[in-house]
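These numbers come from the heavy atoms of this one structure, side chains and all, not from hydrogens, waters or symmetry mates. All values derive from a computational prediction rather than experimental measurement.
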Amino acid sequence: MKSQCLQKALVGATLVLAALGAVAHSFKLGEIDIGHPYARPTREGQLVAAGYLKLTNQGAADRLLSARTPAADAAEIHSMTMDGNVMKMRQVEAIELATGQTVELKPGGYHLMLMGLKAPLKAGDQIPLTLKFEKAGEVVVTVKVEEPKPQPDAAGVHAH
């Protein structure tokens with residue numbers, strides 16, 4: 001009896017996890033997985049925003065060449081590095097995706113610069129973004145505009 005209850009519970013948990021995975025915010029183009037494209041809200045009059053996502057390549061080596069969206073005049077691939085106390089941001093020609101490699105476009109690293117925004121990005125908005133890969137081709141993904149998640153302070157203690 002206990003075995004049957006445990007088995008039913010495991011099956012139920014598996015179905016719940018499968019359902020959660022089915023609504024995950026991810027996309028696929030051939031053997032390239034594109035995980036959780038997002039951007040942060042912008043203020044009125046702000047003309048630039050950054051877009052982030054994760055690329056996982058399970059196929060032959062490829063390269064992300066470009067991006068475009070109707071929400072902005074231009075979308076460029078950028079890298080950001082720190083040189084001492086100086087932040088350096090540069091446009092890059094492409095992002096290399098070796099076989100089996102995951103590259104995360106995130107704050108402080110590679111990201112997509114959305115320039116010439118046609119309207120402010122508001123939390124809850126969803127904007128289309130076309131990604132162009134050298135070999136895999138093009139795919140349209142949905143960028144969700146999300147508020148940043150609260151971060152605990154570095155010491156783990158609230159200062160009053």
(message) Using a 3.5 Å distance criterion without hydrogens, assess whether the side chain of T99 forms a donor-acceptor pair with backbone atoms of G59.
(response)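 Yes, T99 side chain to G59 backbone: donor-acceptor pair under 3.5 Å.
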(request) Please confirm whether the backbone N or O of P37 pairs with a side-chain atom of H25, one donor and one acceptor, at under 3.5 Å? (result)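 Side chain of H25 to backbone of P37: a pair is present.
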(request) Locate the shortest heavy-atom distance separating P120 from D125; write the atom from each residue and the value. (result)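 In this case the closest contact between P120 and D125 is O-OD2, 3.9 Å.
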(request) Taking all non-hydrogen atoms of both residues into account, name the closest pair between L105 and Y52 and its distance. (result)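 Nearest pair, atom of L105 first, then Y52: O-CB, 3.1 Å.
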(message) Please tell me whether L29 and I95 are part of a single hydrophobic cluster in this structure, the criterion being side-chain heavy atoms less than 4.5 Å apart.
(response)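 L29 clusters together with I95.
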(message) I'd like to check Y110 versus V92 (side-chain heavy atoms, cut-off strictly below 4.5 Å). Are they in contact?
(response)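 In short, these two side chains touch, coming nearer than 4.5 Å.
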(request) Measure the spacing between CE of M82 and CE of M80 and express it to the nearest 0.5 Å. (result)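 Rounded to the nearest 0.5 Å, the CE-CE separation comes out at 6.5 Å.
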(request) Kindly indicate whether the side chain of P41, heavy atoms from C-beta on, has any atom under 4.5 Å from the side chain of K122. (result)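 Of all side-chain heavy-atom pairs linking K122 with P41, none is under 4.5 Å.
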(message) Looking at K106, I'd like to know if its NZ atom is crowded, meaning that more than 12 non-hydrogen atoms belonging to other residues, nucleotides or ligands lie closer than 6.0 Å.
(response)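 No - once you tally the heavy atoms of other residues, nucleotides and ligands closer than 6.0 Å, there are 12 at most.
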(message) If you compare all heavy atoms of T69 against all heavy atoms of L114, which two are closest, and at what distance to 0.1 Å?
(response)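 Heavy atoms only, the tightest pair is CG2-CD2, 4.1 Å.
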(request) Could you grab the distance from atom OG1 of T42 to atom CG of L117, nearest 0.5 Å is fine? (result)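 So the gap between those two atoms works out to 5.5 Å.
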(request) Please report the shortest heavy-atom distance between V103 and E96, naming the atom on each side. (result)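 Here V103 and E96 meet closest at CG2-O, 3.9 Å.
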(request) Please assess Y38 against T142 for the test side-chain contact (heavy atoms from CB on, under 4.5 Å), listing each intermediate value before the final yes or no. (result) CA-CA 8 Å; Y38 73 98; T142 302; over 6 Å; no
(request) Show your working on side-chain contact (heavy atoms from CB on, under 4.5 Å) between F133 and L97 and close with a plain yes or no. (result) CA-CA 10 Å; F133 295 87; L97 290 168; 3.7 Å; yes
(request) Identify whether L131 and L65 are in the same connected component of the hydrophobic contact network (ILVMFWY, side-chain heavy atoms under 4.5 Å). (result)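 Result: no, two separate clusters.
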(request) For residues E138 and T130, report the shortest heavy-atom separation together with the two atoms involved. (result)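 Minimum heavy-atom separation between E138 and T130: OE1-CG2, 3.7 Å.
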(message) Can you tell me how far apart CG (L112) and CG (L129) are? Round to the nearest 0.5 Å.
(response)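 Atom-to-atom, L112:CG and L129:CG are 6.0 Å apart.
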(message) I need the minimum non-hydrogen distance between S26 and G35, along with the two atoms involved.
(response)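 Result for this residue pair: CB-CA, 4.2 Å.
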(message) Between K135 and D62 (salt bridge meaning N to carboxylate O under 4.0 Å), is one present in this structure?
(response)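 Salt bridge flag = no for D62 with K135.
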(message) For the NE2 atom of H36 and the NZ atom of K144, what is their distance to the nearest 0.5 Å?
(response)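 It is 7.5 Å, given to the nearest 0.5 Å.
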(request) Inspect the surroundings of CD in E93 and state if more than 12 heavy atoms from other residues, nucleotides or ligands are less than 6.0 Å away. (result)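 Atom CD in E93 is not packed in, count stays at 12 or less.
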(message) Please determine whether side-chain contact (heavy atoms from CB on, under 4.5 Å) holds for the pair D73 and K118, giving the CA-CA distance in whole Å, both sets of side-chain angles, and the decisive distance to 0.1 Å.
(response) CA-CA 7 Å; D73 292 332; K118 297 180 179 174; 3.4 Å; yes
(message) By the definition side-chain hydrogen bond (donor to acceptor under 3.5 Å, both in side chains), identify the one residue from K28, K54, Q58 that meets it with D33.
(response)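 Passing option: K28.
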(message) Would the distance check show the side chain of R40 and the main-chain N or O of E146 forming a donor-acceptor pair, the cut-off being under 3.5 Å?
(response)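 Flag set: sc R40 to bb E146 pair under 3.5 Å.
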(request) Decide whether V145 and F27 are clustered together by the hydrophobic rule: side chain heavy atoms of Ile, Leu, Val, Met, Phe, Trp, Tyr closer than 4.5 Å, transitively. (result)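 Yes, V145 and F27 fall within the same hydrophobic cluster.
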(message) Nearest 0.5 angstrom please: I77 CD1 to R63 CZ, how far?
(response)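 Separation between the atoms: 9.0 Å.
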(request) Could you go through the side-chain contact (heavy atoms from CB on, under 4.5 Å) check for M115 and E76 one step at a time? (result) CA-CA 8 Å; M115 299 177 297; E76 296 178 354; 3.0 Å; yes
(request) Using modelled atom types only, decide if a donor and an acceptor are shared between the side chain of H111 and the backbone of G109 within a distance under 3.5 Å. (result)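 Checked: pair present.
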(request) Check whether any side-chain N or O of N57 sits under 3.5 Å from a backbone N or O of I32 as a donor-acceptor pair, and report yes or no. (result)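 Checked: no pair found.
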(request) Enter the distance from E104:CD to T56:OG1 here, rounded to the nearest 0.5 Å. (result)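 If I round to the nearest 0.5 Å, the distance is 9.0 Å.
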